[in-house]
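Source: prediction; values computed, not measured.
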Amino acid sequence: MTSVATLQPDPAPIKACTISRDVQNFELLIDDMENALGESWGDLSFEDAVQFMAQPEAGTLEFVAIAVDAEDEADLARIAEIVQTAKAQNIKVLLIADQIGPMVLHQLLRLGGDDFLPYPLPDGALQDAIERLRQAAVPVPVTATPSAAPTISLVPDPEPEVVQTPKFKAKGDREGVVLPVHGLAGGTGASTFAVNLAWELASLSKTDAPRVCLLDFDFQYGSAATYLDLPRKEIVFEVLSDTASVDSDTFLQSMLTFNDRLHVFTAPADMLPLDIIGPEDIGRIVDMAAANFDYVIIDMPKTIVVWTEAILTRAHVYFALLELDLRSAQNILRLIRALKAEALPHEKLRYVLNRAPKFTDLSGKSRVKRMAESLDITIELQLPDGSVQVTQANDHGLPLAETAAKNPLRKEIQKLAKSLHDLNKGVESGKA
């Protein structure tokens, strides 16, 4: 490791620096920096960082990795100054966070942090973050390494180039159908289902399609923006922070439009606590959406939070995705027990089995039947395994209909969208 304080003449320029109270508290970071950059990096203390970045030697820095832990929260002002100094010198900022509060992390990201990683660092995470920072860098004459294929960016650029927002005016003349989607265990494909259902509804007709919006309410790991290749706008955080002063026009301006049809309220740019917003606030957002769209698809976090009840009471159908495994079965029992204890409308839940057994898998079909009987539920929809095409579509930021129209999962979601729309039109005809 090269120490910046004692730089010796070296043909390799210093490309990055770690900045911390004591870098020895982040031993894994030292190893990963050496693996990623060899000898082309240095180390700075909080005391020396601002002064060094003002010197000519800092001109070769691509980024600084600021490593902070819980003890550093009391020193937030100095860390904020380091972040701002780096941004003023056009140096990217990577935050390495070890057990710091989410609001502190959010504040540092808002001051100019370009990305963050949790500590201890996951395998390969630092190298991936470095690649993202280099991709997001302002083009400079030179030595970017050519790539045979485009690299998928996991974190969208903070400032999008040209983004389309809904073109229609908010009139509040709709009574939208509210359709939350909730994964009952990790990896059940809830976000994929929500994104593709929203797109299928939005593209039912080329001339008279319903107006559809997708709300990504997973404020920490929401992936709707990734699956549709959309940037994340800072205004989303502003809307969530003060819903009482947000009107329908402002709400529409906070949304993005995918392919001129689907309108998306993405998750915030930064990871936020799920309780940053309360039941009344979440209710206002859903009510505004329902007043201006025919269908409101909500991608829910897996966690039950204080505002889950506000969504459930407004939902027309609450899709609960599961898999044919014990964890899903246990979570269903716990969820039903919790809803009954609070006298909440658990009958709104519609269970969707993802990666269901094939028609010829008689043993699998038998397991599905036994699972439903033992849980005393009805599994109303069984989705086939979309296999690798699902991952490919998500990584390319496109719905299945755009990349694999004949995929069996896409066909089932398309059927569901059509049946929901036909049912809704029948209800509206009955009202008329």
Side-chain angles (χ1 to χ4, degrees), residues 174 176-184 187-206 209-218 222-230 255-267 286 289-290 293-302 311-312 314-323 348-356 379-386 389-391 393-394 396-425 427:
R174 310 286 171 116
V177 177
V178 178
L179 302 171
V181 178
H182 193 135
L184 296 181
T188 56
S191 293
T192 296
F193 177 77
V195 167
N196 281 277
L197 177 60
W199 176 247
E200 294 296 345
L201 284 167
S203 54
L204 281 172
S205 169
K206 292 183 179 180
R211 189 183 293 172
V212 182
C213 73
L214 171 63
L215 310 181
D216 192 344
F217 281 170
D218 188 346
S223 52
T226 303
Y227 290 175
L228 294 172
D229 195 24
L230 296 171
M255 305 180 86
L256 304 176
T257 300
F258 176 79
N259 283 4
D260 295 323
R261 295 183 186 178
L262 176 59
H263 309 286
V264 185
F265 183 81
T266 70
V286 175
F293 292 90
D294 298 306
Y295 294 97
V296 180
I297 313 299
I298 305 175
D299 191 6
M300 297 287 288
K302 287 184 289 296
I311 301 291
L312 182 60
R314 288 170 170 80
H316 292 79
V317 175
Y318 197 103
F319 290 109
L321 268 79
L322 61 139
E323 289 197 63
K348 289 187 178 182
L349 270 60
R350 295 293 181 271
Y351 297 98
V352 180
L353 177 63
N354 198 11
R355 304 181 185 93
I379 299 177
E380 299 187 15
L381 182 61
Q382 297 188 31
L383 300 177
D385 188 352
Q389 288 181 331
V390 175
T391 303
N394 291 340
H396 284 86
L398 291 169
L400 278 168
E402 301 291 299
T403 62
K406 295 182 180 180
N407 185 280
L409 175 61
R410 185 261 166 160
K411 290 182 178 180
E412 286 299 319
I413 297 177
Q414 184 183 38
K415 289 180 188 176
L416 174 63
K418 189 176 186 308
S419 65
L420 286 171
H421 189 54
D422 290 344
L423 180 61
N424 186 44
K425 286 197 297 184
V427 171

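Among all heavy-atom pairs drawn from Ile297 and Leu201, the shortest one is CD1-CD1, 3.8 Å. The two residues Ala190 and His182 make their nearest non-hydrogen contact at CB-C, 4.2 Å. Counting all heavy atoms, side chain and backbone alike, Ala401 lies closest to Asn196 at N-OD1, 4.4 Å. Closest heavy-atom contact between Leu353 and Ala356: CD2-CB, 3.9 Å. For the pair Leu214 and Ala198, the tightest heavy-atom approach, listed with the atom from each and the gap, is CB-CB, 4.2 Å. In this structure, Ala267 and Gly222 approach most closely via the heavy-atom pair CB-CA, 4.0 Å.
Side-chain atoms of Asp229 never come within 3.5 Å of backbone atoms of Leu398 as a donor-acceptor pair (strictly under, hydrogens ignored). At distances below 3.5 Å, not a single donor-acceptor pair connects side-chain atoms of Asp299 with backbone N or O atoms of Ala194.
Residues satisfying the side chain to side chain contact (heavy atoms under 4.5 Å, CB included) criterion with Arg211, sequence neighbours excluded, are Phe168, Arg174, His263, Phe293, Asp294. Partners of His316 by ring pair (Phe, Tyr, Trp, His ring centres under 6.0 Å), not counting sequence neighbours: none found. Thr192 is linked by a side-chain hydrogen bond (donor to acceptor under 3.5 Å, both in side chains) to Asn394, counting only residues two or more places apart in sequence or in another chain. Taking Arg314 as the reference, Asp287 meet the side-chain hydrogen bond (donor to acceptor under 3.5 Å, both in side chains) condition, with sequence neighbours excluded. Listed by chain and number, the residues in a salt bridge (charged side-chain N to carboxylate O under 4.0 Å, His left out) with Glu380 are Arg350 (sequence neighbours excluded). The side chain to side chain contact (heavy atoms under 4.5 Å, CB included) search around Gln389 returns Gln392, Ala404, Asn407, not counting sequence neighbours.
The aromatic rings of Phe265 and Phe217 lie perpendicular to each other, with more than 60° between the two planes, well past the 30° mark.
The CG atom of Leu215 sits 10.5 Å away from atom CE of Met300, with the distance rounded to the nearest 0.5 Å. Rounded to the nearest 0.5 angstrom, Thr266 OG1 and Leu228 CG are separated by 10.5 Å. The line from CZ of Phe258 to CG of Leu256 is 11.5 Å long, rounded to the nearest 0.5 Å. With rounding to the nearest 0.5 angstrom, the OG atom of Ser203 is 9.5 Å from the CG atom of Asn259. A distance of 14.0 Å separates CG in Leu262 from OH in Tyr295, rounded to the nearest 0.5 Å. Ile298 contributes atom CD1, which lies 4.0 Å from atom CD1 of Ile311 (distance to the nearest 0.5 angstrom).
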Can Leu416 and Leu383 be said to form a side chain to side chain contact (heavy atoms under 4.5 Å, CB included), step by step? CA-CA 10 Å; Leu416 174 63; Leu383 300 177; over 6 Å; no
Glu200 and Arg410: CA distance, side-chain angles, deciding distance, salt bridge (Lys or Arg N to Asp or Glu O under 4.0 Å) verdict: CA-CA 9 Å; Glu200 294 296 345; Arg410 185 261 166 160; 2.8 Å; yes
Carefully, step by step, assess Leu409 and Leu400 under the rule side chain to side chain contact (heavy atoms under 4.5 Å, CB included). CA-CA 8 Å; Leu409 175 61; Leu400 278 168; 3.9 Å; yes
Is there a side chain to side chain contact (heavy atoms under 4.5 Å, CB included) between Leu349 and Leu312? Walk through the geometry before answering. CA-CA 9 Å; Leu349 270 60; Leu312 182 60; 4.1 Å; yes
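Val181 has its side chain within reach of Leu321: a pair of non-hydrogen atoms, C-beta onward, lies under 4.5 Å apart. The shortest side-chain heavy-atom distance between Asn354 and Phe193 does not fall under the 4.5 Å cut-off.
More than 12 heavy atoms of other residues, nucleotides or ligands shown are found within 6.0 angstrom of NZ on Lys348.
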